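Nothing here was measured: the structure is a model prediction, and the numbers come from that model. Chain identifiers are assigned alphabetically (A, B, ...) following the order of the sequence lines, protein sequences preceding nucleic acid strands; residue numbering begins at 1 within each chain.
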Number of protein chains: 2
Amino acid sequence: MKPDLTVRQKQVLNFIRDRINHDRISPTIREVAGFFGFSSTGTVRDYLQVLSRKGYLKLNKNKARSLELINQEQGLAIVGMVACGKPQFAQEDIEGYLQPEEWFKASDDLFCLKAKGDSMAGAGIMEGDLLVVRRQSQAQNNEIVVALIGDEATVKFLRRHKDGKQGRDPKYFLEAANKKYSDIPVTEATSVIGRVISVIRKYV
Amino acid sequence: MKPDLTVRQKQVLNFIRDRINHDRISPTIREVAGFFGFSSTGTVRDYLQVLSRKGYLKLNKNKARSLELINQEQGLAIVGMVACGKPQFAQEDIEGYLQPEEWFKASDDLFCLKAKGDSMAGAGIMEGDLLVVRRQSQAQNNEIVVALIGDEATVKFLRRHKDGKQGRDPKYFLEAANKKYSDIPVTEATSVIGRVISVIRKYV
DNA sequence: GAATATACCACACATTTGTGTGGTAGTCAA
DNA sequence: TTGACTACCACACAAATGTGTGGTATATTC
């Protein structure tokens with residue numbers, strides 16, 4: 001664990017964290033001083049150095065507004081839900097931290113699809129869910145893919161035929177999680193355009 | 001729509017966007033100049049003003065490293081999946097943009113729970129899903145809540161008894177999405193500790 | 001042909017901002 | 001009681017950074 005902070009040091013760190021999280025722009029030394037009523041910039045600089053030494057902040061020499069949080073404890077604490085018992089909020093039971101910014105960087109090979117229909121309801125993909133998709137024309141067995149069947153786009157499991165049926169052609173087929181939809185062989189008319197890497201649902 | 005940008009203007013904007021998204025710190029005018037090989041800071045300033053006038057950037061007077069993207073087009077484009085037809089990647093069909101940073105700010109009244117069991121599978125909440133939960137002891141009818149049943153934490157729908165059964169006590173009960181679990185009345189031993197506002201699933 | 005926009009350069013200037021040196025006062029452990 | 005760490009102040013300085021004024025050349029539009 002990181003060294004403990006004093007009350008005052010925590011206050012300073014919290015102010016900086018708030019500013020970075022809310023305004024996306026690091027405060028300057030004088031802005032910190034202004035907030036706390038310090039009449040000297042040196043005071044703030046001393047705090048920054050302590051916070052840096054204790055591993056909570058990264059300072060960049062001679063760079064304006066360049067404070068960076070190196071707080072692994074950013075984001076939302078992920079607490080495990082034990083099958084029998086209340087969620088454990090104790091420090092030891094935190095499994096990790098959910099950091100929205102770190103889930104994925106926006107990039108050209110990612111896009112986001114809004115799910116329609118109930119063909120994947122059995123796999124927990126409901127109508128309206130947002131699917132983060134990586135563009136790729138290949139995928140592994142059992143992965144969830146976005147495929148173009150003729151002219152229609154669908155989300156399905158990509159499955160390989162059992163070994164016993166080797167030599168079969170095509171080797172892969174698309175399977176819905178909902179039994180009422182039938183399997184679809186992967187042929188020339190059926191192309192994988194991406195793989196679902198994440199599902200996001202928001203309740204209003 | 002926003003005014004169009006020239007090729008060069010786009011390049012400058014892209015550079016700034018990359019820097020902000022990757023380093024989290026806005027570049028200075030001179031850093032932009034350096035990247036493009038401009039020998040004058042005025043050149044960059046002119047670009048910034050154009051980008052600001054056209055509505056892509058926010059400039060803050062006399063503030064170092066304070067460029068802000070006011071690009072609604074940040075993040076991942078959300079394209080609608082038309083029931084019959086390929087996903088529409090055309091500009092007009094983009095329904096919005098997925099901005100991880102904007103989903104929610106880390107705050108004290110939010111936490112994240114890792115789902116266990118299959119009691120909510122019917123509502124698309126699978127084992128291992130991350131549930132973003134807002135701490136609250138009240139909730140509306142039909143919302144998905146985290147409740148403490150005696151000593152055990154569960155995720156369930158909060159339902160109100162039909163009007164016909166008015167006067168009944170308790171008024172609310174907890175219902176699993178999976179039929180094999182039975183309803184649980186909300187009593188003193190059963191307290192709501194939060195509401196599920198979002199579900200996130202990542203495939204490895 | 002004049003007006004407007006793009007795409008740059010040069011350079012001075014002022015402000016913002018981080019840094020350095022030195023000091024006061026209190027606490028707490030060795 | 002010496003040495004550390006905390007919690008501040010004062011002030012000077014230099015580096016980083018945004019801004020202002022003015023210029024050149026090439027398009028495009030009215």
Interatomic distance where CG belongs to B/Leu48 and P belongs to C/dC8 [whole Å]: 13 Å
Do A/Thr41 side-chain and C/dT19 base share a donor-acceptor contact under 3.5 Å? yes
Would you say a side-chain N or O of B/Thr6 is under 4.0 Å from OP1 or OP2 of C/dA5? no
Ignoring the backbone of A/Phe38, work out which of C/dT17, C/dT19, D/dC9 is nearest its side chain. D/dC9
Return the 5'-most residue of the pair B/Leu59, A/Thr43 with respect to DNA chain D, ranking by each residue's nearest nucleotide. A/Thr43
May I ask you to decide whether A/Arg195 forms a salt bridge with A/Glu143, counting only side-chain N to carboxylate O separations under 4.0 Å? yes
Considering just the side-chain nitrogens and oxygens of B/Lys61, establish if one lies under 4.0 Å of OP1 or OP2 belonging to C/dA14. no
Tell me what B/Thr28 touches on the nucleic acid: a base, only sugar-phosphate, or nothing, going by heavy atoms under 4.0 Å. sugar-phosphate
Provide, to the nearest angstrom, the distance between the CZ atom belonging to B/Arg65 and the C1' atom belonging to C/dT16. 13 Å
Gap between atoms CG and C1', on B/Asp46 and D/dG23 respectively (whole Å): 12 Å
I'd like to know if B/Ser40 reaches the base of C/dA10 with its side chain such that a donor and an acceptor end up less than 3.5 angstrom apart. yes
Distance check: side-chain N/O of A/Arg53 vs OP1/OP2 of D/dT6, anything under 4.0 Å? yes
Do the ring planes of A/Phe36 and A/Phe15 sit parallel (below 30°), tilted (30 to 60°) or perpendicular (above 60°)? perpendicular
Length of the line joining A/Ile16:CD1 and C/dG18:C1', which is rounded to integer Å: 14 Å
Test side chain to side chain donor-acceptor pair (under 3.5 Å) on A/Arg201 and A/Tyr203 and set out the steps. CA-CA 7 Å; A/Arg201 184 181 315 136; A/Tyr203 297 105; 3.2 Å; yes
Give a yes/no on whether any side-chain N or O of B/Gln49 is located under 4.0 angstrom from OP1 or OP2 of D/dT19. no
So that I know where these two stand, are B/Phe173 and B/His161 an aromatic pair - ring centroids less than 6.0 Å apart? yes
Set out, in order, the CA-CA distance, both residues' side-chain angles and the distance that settles side chain to side chain contact (heavy atoms under 4.5 Å, CB included) for A/Leu174 and A/Leu158, then state yes or no. CA-CA 5 Å; A/Leu174 300 171; A/Leu158 181 72; 3.8 Å; yes
N/O (side chain, B/Arg45) to phosphate O (OP1/OP2, D/dG20) under 4.0 Å: no
Determine: side-chain N/O of B/Lys63 to OP1/OP2 of D/dA16, distance under 4.0 Å, yes or no. no
Toward the 5' end of DNA chain C, which comes first, B/Asn62 or A/Asn60, by nearest nucleotide? B/Asn62
Side-chain N or O of B/Tyr47 less than 4.0 angstrom from OP1 or OP2 on C/dC8? yes
C/dA7 phosphate, OP1 or OP2: any side-chain N/O from B/Gln9 under 4.0 angstrom? yes
Separation of C/dT16 atom P from A/Glu31 atom CD, nearest Å, is 11 Å
Short N-O contact, B/Glu31 and B/Arg65, less than 4.0 angstrom: yes
NA contact type, B/Ser39, heavy-atom cut-off 4.0 Å: base, sugar-phosphate, or nothing? sugar-phosphate
Taking the side chain of B/Arg30 as heavy atoms from C-beta outward, which of D/dT19, C/dT17, D/dG18 is closest to it? D/dG18
Rounded interatomic separation in angstrom, taking CD1 from B/Ile29 and P from C/dT16: 15 Å
Reckon A/Arg8 touches a base, only the sugar-phosphate, or nothing at all at heavy-atom distances under 4.0 Å? sugar-phosphate
